[in-house]
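Encoded as structure tokens, the structure appears first; notes follow it.
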Amino acid sequence: MKPETAAALKQIDKRGFLDIDLDPTLDLFAAIERLKKEKNAVLLAHYYQEPDIQDVADYIGDSLGLAQQAEKTNADMIVFAGVHFMAETAKILNPSKKVVIPDLKAGCSLSDSCPPPLFKKFKEKHPDHVVVSYINCSAGIKALSDVIVTSSNARIIVESFPKDQPIIFAPDKNLGAYINKVTGRNMLLWDGACMVHEIFSLEKITKLKIRHPEAKLIAHPECEEPILKIADYIGSTTGLLKYTKTDAAKEYIVATETGILHQMMKSSPEKTFIPAPPNNNCACNDCPHMKLNTLEKLYLCMEYEVPEITMEEELRLAAKKPIERMLEISAKAGL
Ligand code: 13P
Ligand code: SF4
């Protein structure tokens with residue numbers, strides 16, 4: 001091993017990724033395909049990843065689809081092109097497999113908004129409540145939860161509890177408020193939110209709709225209520241993608257992270273997709289955490305099998321229960 005490679009490997013905890021200069025002539029797509037075969041690795045990617053990563057993935061999906069794929073894979077190594085909580089979920093379901101992520105620092109503002117020690121105290125104040133947590137949370141929060149949900153199954157899972165069952169919903173207050181509205185529940189909401197989905201400007205979207213009167217507004221339920229109120233369709237990333245494939249409209253304003261537009265444009269090249277504008281002039285509807293992963297980091301993490309997701313067994317077992325409950329309910333519902 002070259003001394004600079006050994007030094008980079010030692011730095012991984014601090015940097016979060018392997019910082020090694022690559023030969024610029026290296027065909028990364030071909031190299032990643034070769035590594036997949038050599039290592040019997042499966043590459044799972046979320047829709048918010050950059051287009052190059054999506055194009056080289058074995059499976060691209062939303063949080064539920066990714067968890068389901070992770071649960072059933074026969075691969076020896078899971079390469080998770082997404083954020084930390086997603087790769088962590090894959091590890092929780094596959095303790096004997098190696099799970100690697102291109103950048104260990106690819107976190108999530110929503111997950112960070114719910115620290116386990118604070119949430120534990122909050123939960124203790126409401127002992128009669130069950131805890132339903134959105135998958136965008138740490139293993140520590142999962143371990144404190146009765147069941148996990150994603151934006152694809154939150155409604156059916158909440159509805160699986162009796163109407164009079166008090167529920168705490170964490171960590172996303174926007175998704176929680178939306179589920180309260182569609183189910184008629186009154187869940188107690190943790191005050192967390194996603195930095196990307198709270199950035200959309202109602203005023204700019206309204207103006208955009210005037211210029212594109214035929215365009216439909218489609219939104220992720222992590223968006224704030226005023227945006228959801230004027231949306232023509234609300235759904236998870238997979239839900240939004242499916243909708244654009246089957247719906248008759250030709251133009252869509254898309255209120256979620258921009259990465260999903262790649263699959264929308266690939267599936268419906270004849271349609272126009274406009275990213276919903278943020279309330280300032282930056283490209284803040286790009287998730288800075290998701291976008292930490294690059295094709296170079298992806299190649300390096302497969303080649304050197306680091307950074308790896310690890311976790312204490314006690315925590316893993318506690319976090320696994322509510323995830324399995326979610327997967328069971330979803331399978332029964334045909335999701
Ligand atoms: P889904 O892909 O499950 O809709 O989640 C969106 C998201 O914010 C992931 O971080
Ligand atoms: Fe977290 Fe929001 Fe980024 Fe998803 S888009 S990973 S919820 S910060």
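Both counts, for ligands and for their atoms, begin at 1 and track the order of listing. In what follows, residues are counted from 1 in the order of the sequence shown.
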*Looking at side-chain heavy atoms only, is the closest gap between K250 and T272 below 4.5 Å?*
no
_Option of least heavy-atom distance to atom 9 (C) of ligand 1 (set: E257, H289, M86, H220)_ = M86
*Side chain or backbone of T237 under 4.0 Å from ligand 1, or both, or neither, by non-hydrogen atoms?*
both
*For atom 3 (Fe) of ligand 2, decide whether C108 has an N, O or S atom at a distance under 2.8 Å.*
no
*asked:* Working to the nearest 0.5 angstrom, can you tell me the gap between L175 CG and C194 SG?
replied: 11.0 Å
_Numbered atoms and elements of ligand 1 in range of S236, under 4.0 angstrom, heavy atoms_ = 4 (O)
*Within a distance under 4.0 Å of any heavy atom of D62, pick out the atoms of ligand 1 and give their elements.*
1 (P), 2 (O), 3 (O)
*Electrostatic pair E313:R316 at N-O distance under 4.0 angstrom*: yes
*Enumerated ligand 2 atoms positioned under 4.0 Å from heavy atoms of C194*: 2 (Fe), 5 (S), 7 (S), 8 (S)
*asked:* If we count only N and O atoms by modelled type, under 3.5 Å, do the side chains of D62 and S152 hold a donor and an acceptor together?
replied: yes
_For ligand 1 and S151, I'd like to know whether there is a polar contact (N/O to N/O, distance under 3.5 Å)._
yes
_Using salt bridge (charged side-chain N to carboxylate O under 4.0 Å, His left out), reason through E33 and K36 one step at a time and then give a plain yes or no._
CA-CA 5 Å; E33 290 300 346; K36 277 194 224 170; 3.2 Å; yes
*With a cut-off of 4.0 Å, which atoms of ligand 1 are near a heavy atom of N136?*
7 (C), 8 (O), 9 (C), 10 (O)
*Could you label the plane-to-plane angle of the H220 and H197 rings as parallel, tilted or perpendicular, counting under 30° as parallel and over 60° as perpendicular?*
tilted
*Please identify which atoms of ligand 1 are closer than 4.0 Å to at least one heavy atom of S63.*
1 (P), 2 (O), 3 (O), 5 (O)
*What residue and atom, counting heavy atoms only, is the protein's closest point to atom 7 (S) of ligand 2, and at what distance?*
N136 ND2, 3.1 Å
*Could you tell me how the ring of F122 sits relative to the ring of W190: parallel (under 30°), tilted (30 to 60°) or perpendicular (over 60°)?*
perpendicular
*Backbone or side chain, does any N or O of E222 fall under 3.5 Å from an N or O of ligand 1?*
yes
*If you count the atoms of ligand 2 from 1 in the order shown, which ones are under 4.0 Å from a heavy atom of H289?*
8 (S)
_Using a strict threshold of under 4.0 Å (side-chain N to carboxylate O), is an ion pair present between K332 and E328?_
no
*asked:* If we set the cut-off at 4.0 Å for heavy atoms, which region of Y47 has an atom near ligand 1: side chain, backbone, both, or neither?
replied: neither
*With atoms numbered from 1 as shown, which atoms in ligand 2 lie under 4.0 angstrom from a non-hydrogen atom of C287?*
3 (Fe), 5 (S), 6 (S), 8 (S)
*Which distance, rounded to the nearest 0.5 Å, do you find between the CG of L28 and the CG of D23?*
9.5 Å
